[in-house]
Amino acid sequence: MFEDEMIFEDNPSRDDIVFEGDTDLSGGAFFPDDALFNGMPTFVMLFFIIVIGIFLFSIFKGISTWSKNEQSPRLSVKAKITGKRTNVHHHNSHAHEHHHSHTSTTYYVTFQFESTDRSEFTVSGSEYGKLAEGDEGMLTFQGTRFLNFQRHPSEEHPDA
């Protein structure tokens with residue numbers, strides 16, 4: 001037989017045409033029988049579902065915290081500042097040949113109440129700068145949200 005001759009089975013159809021001398025094309029990196037090729041759409045879909053899930057979870061968690069804070073009463077209690085800390089985040093990005101670097105800082109202050117319980121609140125940078133460890137005064141907060149701290153003048157700081 002010639003290499004170009006077609007061999008038909010009893011019931012020829014378009015899908016059943018086979019040329020003699022054809023090699024098996026399955027198993028290559030870009031062919032449909034390849035397991036990696038077949039699994040890639042599933043992997044990409046799963047990746048996007050996970051990313052969207054994390055994004056939606058973050059949104060719902062933020063809304064939940066905001067709602068819980070809104071429903072909490074505003075409390076003003078005597079408190080003492082027992083600690084201060086910062087958390088600096090470094091953000092780097094590369095666009096073409098340009099390198100961009102950005103930092104952001106989150107400020108935290110820990111207050112101790114008369115009952116010896118402690119709570120840490122996120123505060124603004126300007127508020128953080130005004131507060132010092134050992135300061136005593138009236139802390140006003142709502143849920144997990146810091147609202148204000150009015151320092152009481154003490155003998156240690158007569159000019160305060």
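Source: prediction; values computed, not measured.
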Test: Lys80 and Glu114 ion pair at under 4.0 Å: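 Result for this pair is no, no salt bridge flagged.
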Quick one: do Glu70 and Arg145 make a salt bridge, cutoff under 4.0 Å?
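Yes, Glu70 and Arg145 are salt-bridged.
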| Once the angle between the rings of His91 and His102 is folded into 0 to 90°, is it parallel (under 30°), tilted (30 to 60°) or perpendicular (over 60°)? |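 Aromatic pair His91/His102 classed parallel.
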Can you tell me if [X] uses its side chain to pair, donor with acceptor, with the backbone of [Y] under 3.5 Å?
X: Gln142; Y: Asn69; value: yes
X: Arg151; Y: Lys130; value: yes
X: Ser64; Y: Phe60; value: no
X: Ser67; Y: Ile63; value: no

In the structure I gave you, are the side-chain heavy atoms of [X] and [Y] within less than 4.5 Å of one another anywhere?
X: Phe141; Y: Val77; answer: yes
X: Phe55; Y: Val51; answer: no
X: Thr106; Y: His89; answer: yes
X: Thr144; Y: Thr65; answer: yes
X: Ile81; Y: Phe111; answer: yes
X: Arg74; Y: Leu147; answer: yes
X: Lys78; Y: Met138; answer: yes
X: Asn87; Y: Tyr107; answer: no

Open item on the list: Show the nearest heavy-atom pair for residues Ser119 and Phe113, with the distance to one decimal.
Closed with: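 For Ser119 versus Phe113, the nearest heavy atoms are OG-CE1, 3.5 Å.
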* State whether a side-chain donor-acceptor pair under 3.5 Å links Thr105 with Thr86. =>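 The answer is no; no qualifying pair exists.
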task: Show the numbers, then the answer: is there a ring-ring contact (aromatic ring centres under 6.0 Å, His included) between Phe121 and Tyr108?
output: CA-CA 6 Å; Phe121 294 94; Tyr108 300 94; over 10 Å; no
